[in-house]
Amino acid sequence: MALSQTLLIYVLVCVHLGVSQHYLRLRPSPSDHLPVPDLKEDPDPEYDPREQDLAERTLRKKLGSNFDPNFMSISSPMLVNLSASDSQVKPPGPMPNEIKKLDLTETPYGKRVKVGKKARRKFLQWLWTYTHCPVVYTWKDLGVRFWPRYIKEGNCFSERSCSFPEGMSCKPVKSINKIFLRWYCQGFLKQKYCTWIQVQYPIISECKCSC
């Protein structure tokens, strides 16, 4: 799915003056901005799920096959980070055609130079590694109003420029959606009704070097 078509889940908490009705609305909206920014939650614990609402067996059944242990965790996991040195390893998959087909024998002045096969292969491998944009995954705590509350979120590597000469940076080009449960309340205080509903959470899955 193209990033421009990714549907972000925005959670809007609105208070209606006069009728004192507190409600929450989920509204999907197209966005090019990933990862998803932190949600602004109502700090009132009255809108948190109770202990009996967090029964793992019940919630697993409600989430069903959407539970993906590769991207979500019930308990606090160890942080998974990709450092700058990790990004220097050989990128996965085949070398992109735009790099593989580069003509290294032609100069900007019209003259041609000889480049040996070994030297060409080494330079293209270096260029591929340098311009490669890995997705850096870290675990994020979404809070008690999401289940599972921990998500493995993707970010584009940003410790340096990905172009030579410098100027370009790694930006997201693809995302995947994971289904989570969201604690959803309608009404106000004792009159409120709360339940778990399924929501989509977009995660960056691919980055590319871009202006």
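All values derive from a computational prediction rather than experimental measurement.
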When rounded to the nearest 0.5 angstrom, what is the spacing between [atom1] in [X] and [atom2] in [Y]?
X	Y	atom1	atom2	answer
Phe71	Ile179	CZ	CD1	13.5 Å
Gln200	Ile176	CD	CD1	11.5 Å
Leu142	Arg149	CG	CZ	8.5 Å
Ser158	Lys171	OG	NZ	12.0 Å

Aromatic centroids of Trp196 and Trp147 separated by under 6.0 Å: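 Not under 6.0 Å, so no.
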For a 4.5 angstrom cut-off between non-hydrogen side-chain atoms, does [X] reach [Y]?
X	Y	value
Ser73	Trp139	yes
Lys152	Thr138	no
Phe123	Arg120	no
Lys178	Asp68	yes
Leu63	Met72	yes
Cys133	Cys156	no
Cys185	Tyr193	no
Leu181	Ile197	no

Minimum heavy-atom separation for Thr129 to Arg160, with atom names? O-NH2, 4.1 Å
Assign the ring pair Phe180 / Phe146 to parallel, tilted or perpendicular, where the plane angle (0 to 90°) is split at 30° and 60°. perpendicular
Can the positive tip of Lys192 be found less than 6.0 Å from the middle of the six-membered ring of Tyr47, inside 45° of the ring normal? yes
Tell me, please, whether Tyr184 has Arg145 positioned over its six-membered ring: NZ or CZ under 6.0 Å from the ring centre and within 45 degrees of its axis? no
Between Tyr201 and Glu153: side-chain donor-acceptor atoms closer than 3.5 Å: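 There is such a pair between these side chains.
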